[in-house]
Amino acid sequence: MSSISIPISAITDRFNLGRFTEGNRMPLAGRFSNLRPFGEFFDFKRLSKPNNFGEVQSRASYNLGYFSSNYAVVFVMLSIYSLLTNLLLLFVILLVAGGMWGIGRLGGRDLDIGPVHATTSQLYTTLLVVAVPLGIFASPISTVLWLIGASGTCILAHASFMDKPIENAFSEEAV
């Protein structure tokens, strides 16, 4: 059985997805290169109630760009928390990843353990039959929805209530 080989450029050129493949040598290093100090991120002296909705929009627009790496860290921390509180989902993810890695390590050969003979197709099917019911029972949709709500609430609340630095507030009024 021969494998089908589709060049990635056929997909990325067709759908204008070139930004996902070019120049992404170290995406995490680039993402966290402008991580702001936590003293600045948790500066409680700059927390204040905005006067109107226009100020909320202005603060959120500025802070979402300025603290974007810190907000990514908040999202990652909430993701880890959600997996640690939903151990069945963590187990299912590790089971699927480990199963795929283990089947891939066979290199297309059949698995022979004593009298048991299983082809690669049978192993993938078994993994699917075990992982899908466990995955449904682990409630990944509610975990993802909780993650969206919790991270959105934390990030938007911080971005809305954190005042801009004083030097940026005066430069905006001058324009």
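- The nearest pair of heavy atoms linking P140 to L89 is CB-CD1, 3.9 Å.
- The two residues V56 and S160 come nearest to each other via the heavy atoms CG1-OG, 3.7 Å.
- Within the model, atoms CD of Q122 and CD1 of I103 stand 11.0 Å from one another, a figure rounded to the nearest 0.5 Å.
- L111 has its side chain out of reach of V116: every pair of non-hydrogen atoms, C-beta onward, lies at least 4.5 Å apart.
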Mind running side chain to side chain contact (heavy atoms under 4.5 Å, CB included) on R46 and E40 for me, showing each step along the way? CA-CA 9 Å; R46 287 181 33 208; E40 184 179 357; 4.0 Å; yes
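- Residues F75 and S79 are in side-chain contact: their nearest non-hydrogen atoms beyond the backbone lie under 4.5 Å apart.
- Going from atom CZ of F91 over to atom CG of L83 covers 14.0 Å, rounded to the nearest 0.5 Å.
- Within the cation-pi definition used here (under 6.0 Å to the ring centroid, within 45° of the axis), R59 does not qualify as a partner of F161.
- W101 and Y124 are not part of a single hydrophobic cluster, where members link through side-chain heavy atoms under 4.5 Å apart.
- A heavy-atom distance below 4.5 Å is not found between the side chains of T143 and L145.
- A131 and V96 make their closest contact through CB-CG2, 3.6 Å (heavy atoms, listed as atom of the first residue, atom of the second, distance).
- Residue S68 comes nearest to L64 through the heavy atom pair CB-O, 3.3 Å, listed as atom of the first residue, atom of the second, then distance.
- The shortest side-chain heavy-atom distance between Y66 and M162 does not fall under the 4.5 Å cut-off.
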Show your reasoning for whether side chain to side chain contact (heavy atoms under 4.5 Å, CB included) applies to F137 and V92. CA-CA 10 Å; F137 188 67; V92 169; over 6 Å; no
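- Here the straight-line distance linking atom OG of S58 with atom CZ of F53 works out to 11.5 Å at 0.5 Å rounding.
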Using the side chain to side chain contact (heavy atoms under 4.5 Å, CB included) rule, take L134 and I136 through it: C-alpha gap first, then chi angles, then the decisive distance, then the call. CA-CA 5 Å; L134 279 176; I136 292 171; over 6 Å; no
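- Listed here is the closest heavy atom pair of T120 and R109: OG1-O, 3.5 Å.
- The environment of I141 atom CD1 is sparse: at most 12 non-hydrogen atoms of other residues, nucleotides or ligands sit within 6.0 angstrom.
- The cluster map of Ile, Leu, Val, Met, Phe, Trp and Tyr, joined by side-chain heavy atoms under 4.5 Å apart, puts L88 and V132 in different clusters.
- I93 and L128 fall into different hydrophobic clusters, where Ile, Leu, Val, Met, Phe, Trp and Tyr residues are linked whenever their side-chain heavy atoms come under 4.5 Å apart, directly or through other members.
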Can L147 and Y81 be said to form a side chain to side chain contact (heavy atoms under 4.5 Å, CB included), step by step? CA-CA 9 Å; L147 183 60; Y81 174 77; over 6 Å; no
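- V129 and L123 sit in two unconnected hydrophobic clusters of ILVMFWY residues. Membership requires side-chain heavy atoms under 4.5 Å apart, directly or through other members.
- Checked options V74, V73, L35; the residue passing with F41 is V74 (criterion: side-chain contact (heavy atoms from CB on, under 4.5 Å)).
- Judged by distance alone, the side chain of T85 and the main-chain N or O of S82 form a donor-acceptor pair under 3.5 Å.
- The two atoms that bring L127 and L95 nearest to each other are CD1-O, 4.0 Å, heavy atoms only.
- D110 and T119 share no donor-acceptor pair across their side chains, judged by distance under 3.5 Å alone.
- Within the 4.5 Å cutoff, the side chain of I155 has no heavy atoms near those of the F67 side chain.
- When atom types are taken as modelled, the side chain of S61 and the backbone of Q57 share no donor-acceptor pair closer than 3.5 angstrom.
- Listed for the D163 side chain is no donor-acceptor partner under 3.5 Å among the backbone atoms of L47.
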